[in-house]
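Quick note on labels: first sequence line is chain A, next is B, and so on, each numbered from 1. All heavy atoms count here, side chains included; hydrogens, waters and symmetry mates do not.
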2 protein chains.
Amino acid sequence: MIKVVIAEDQTLLRDALATLLGLERDIEVVGLAGNGREAHDVVRRKDPDLVLTDIEMPDMTGLELADLLRREESRTRVLIVTTFDRPGYLRRAMEAGVSGFILKDGPSADLAGAIRRVMAGERVVAPELAARAWDEADPLSDAERRLLRLAEAGLDSAAMAEASGLARGTVRNYLHSAISKLGTANRIEAARRARQKGWL
Amino acid sequence: MIKVVIAEDQTLLRDALATLLGLERDIEVVGLAGNGREAHDVVRRKDPDLVLTDIEMPDMTGLELADLLRREESRTRVLIVTTFDRPGYLRRAMEAGVSGFILKDGPSADLAGAIRRVMAGERVVAPELAARAWDEADPLSDAERRLLRLAEAGLDSAAMAEASGLARGTVRNYLHSAISKLGTANRIEAARRARQKGWL
DNA sequence: TGCCGCAGGTGACAGCTGTCATGCGTGAAG
DNA sequence: CTTCACGCATGACAGCTGTCACCTGCGGCA
């Protein structure tokens with residue numbers, strides 16, 4: 001019997017997945033969580049064989065959860081299921097030591113199979129992603145990333161300077177650098193592209 | 001037996017919902033679709049009692065689908081299920097004559113109940129939304145909306161002018177007007193706020 | 001010790017953005 | 001017919017953005 005915890009912020013999908021997996025003879029859903037932190041608690045309490053987790057969740061992302069479990073040397077394997085086929089996510093997931101990475105766009109029939117393959121020691125990656133994974137490395141520095149996130153929210157340079165403790169000029173230098181690395185015309189496009197690549 | 005078609009772009013959720021509803025004694029899932037246009041075709045072919053649809057889908061949104069079915073005087077009722085609790089969506093859905101509007105954050109147990117209540121002639125609205133629905137009217141003009149969408153994509157005023165066939169100055173006037181209506185500091189914040197309210 | 005690379009900063013400048021006053025048609029209301 | 005509102009446009013101006021050359025201090029490292 002494979003003991004599974006499901007972490008997913010959309011209640012409807014979470015419950016539906018639980019029902020779906022519950023129908024499998026060899027899988028038992030032992031816990032549910034609506035965000036990463038909750039998932040971490042549940043994993044500690046229930047000690048499941050595998051945690052099936054979304055990436056984008058409030059409080060703590062699935063990638064952070066995976067990283068945390070790896071650092072704690074938890075025996076629970078991590079299987080990421082996400083909407084977002086952003087190349088950067090897969091890379092970060094691999095670095096966080098996850099056992100599998102599949103997409104919400106894939107057929108649901110594959111899900112139980114993916115879980116079984118992970119438990120058999122295989123590393124499962126959605127085939128449409130495997131090829132694209134190492135396409136492009138994230139060229140951004142931490143400072144650039146942080147500022148792009150602020151730019152996305154509509155802050156101007158002065159506000160970003162205050163928010164990040166840098167000088168205005170430095171903020172503009174970092175943004176310039178990000179803009180030219182990403183080959184865009186302005187900070188907004190740069191932020192969009194970075195987010196779309198999963199670098200943000 | 002209530003005949004249902006499910007329109008949802010995430011395969012995993014679509015399949016999971018189909019499985020979930022298939023377990024109900026009085027509900028039969030007669031068709032699946034991954035976008036609005038496909039859903040429209042399937043509804044015409046299968047003539048279901050109800051179509052359960054997401055809003056944000058490629059090709060045609062759930063709101064457009066609802067509108068189309070209403071104009072065609074289809075007997076199929078529409079139940080919207082969406083992640084996005086943006087006030088503007090509910091209003092537009094009501095104007096499109098939908099029979100129900102519930103959230104993916106709601107418990108899955110309510111889903112079959114909502115379907116039955118819709119088929120009993122009730123109009124079902126997620127309780128957390130009902131109150132907020134008429135909070136704020138969309139203050140934007142069509143021109144403002146269109147330009148905010150372009151601003152979101154990172155175009156500058158000159159590019160928007162070209163894209164929309166307006167003069168640069170006029171573009172800036174519209175953006176100014178949108179910015180002041182929304183009480184933000186710049187076009188980026190304005191676009192964010194409008195999107196978050198469901199006005200975009 | 002001296003040199004290098006690197007994060008962070010300054011100042012200048014052209015071009016873009018946000019704001020505002022103002023003008024010009026056109027179509028609906030009086 | 002006049003008046004008025006409305007969509008669209010123009011021009012001016014302060015302030016912000018993107019670009020660039022160049023400076024400073026600090027931690028390696030030979």
note = In 5'-to-3' order, the base (B), backbone-only (S) or no-contact (-) status of each nucleotide in nucleotides 20-29 of chain C, using a 4.0 angstrom heavy-atom cut-off, is B---------
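- As rounded to whole Å, 11 Å separates atom P of C:dT10 from atom CG of A:Leu166.
- Straight-line distance from the CZ atom of A:Arg172 to the C1' atom of C:dG15: 12 Å, rounded to whole Å.
- Rounded to an integer number of Å, the gap from B:Leu147 CG to C:dG18 C1' is 15 Å.
- Rounded to an integer number of Å, the gap from CG of A:Asp156 to C1' of C:dC16 is 14 Å.
- Under a 3.5 Å cut-off, the side chain of A:Glu64 and the backbone N or O of A:Thr61 do form a donor-acceptor pair.
- When rounded to the nearest whole Å, the span between CD1 of A:Ile188 and C1' of C:dT17 equals 12 Å.
- Here the closest heavy-atom approach between residue A:Asn35 and residue A:Pro58 is recorded as CB-O, 3.0 Å.
- A donor-acceptor contact under 3.5 angstrom links the side chains of B:Arg187 and B:Ser157, judged on distance only.
- Among the atoms of the strands shown, only primed sugar atoms or phosphate atoms (P, OP1, OP2) are found under 4.0 Å from some heavy atom of A:Ser157.
- The side-chain contact (heavy atoms from CB on, under 4.5 Å) with A:Ile102 is formed by just one residue from the set A:Asp110, A:Val124, A:Val125; it is A:Val124.
- As rounded to whole Å, 13 Å separates atom C1' of D:dC16 from atom CD1 of B:Ile179.
- A distance-only check finds a donor-acceptor pair linking the side chain of B:Arg75 to the backbone of B:Asp47 [under 3.5 Å].
- Heavy atoms of A:Arg168 sit nowhere under 4.0 angstrom from any nucleic acid atom.
- Going from atom CG of A:Leu65 over to atom CG of A:Asp59 covers 11.5 Å, rounded to the nearest 0.5 Å.
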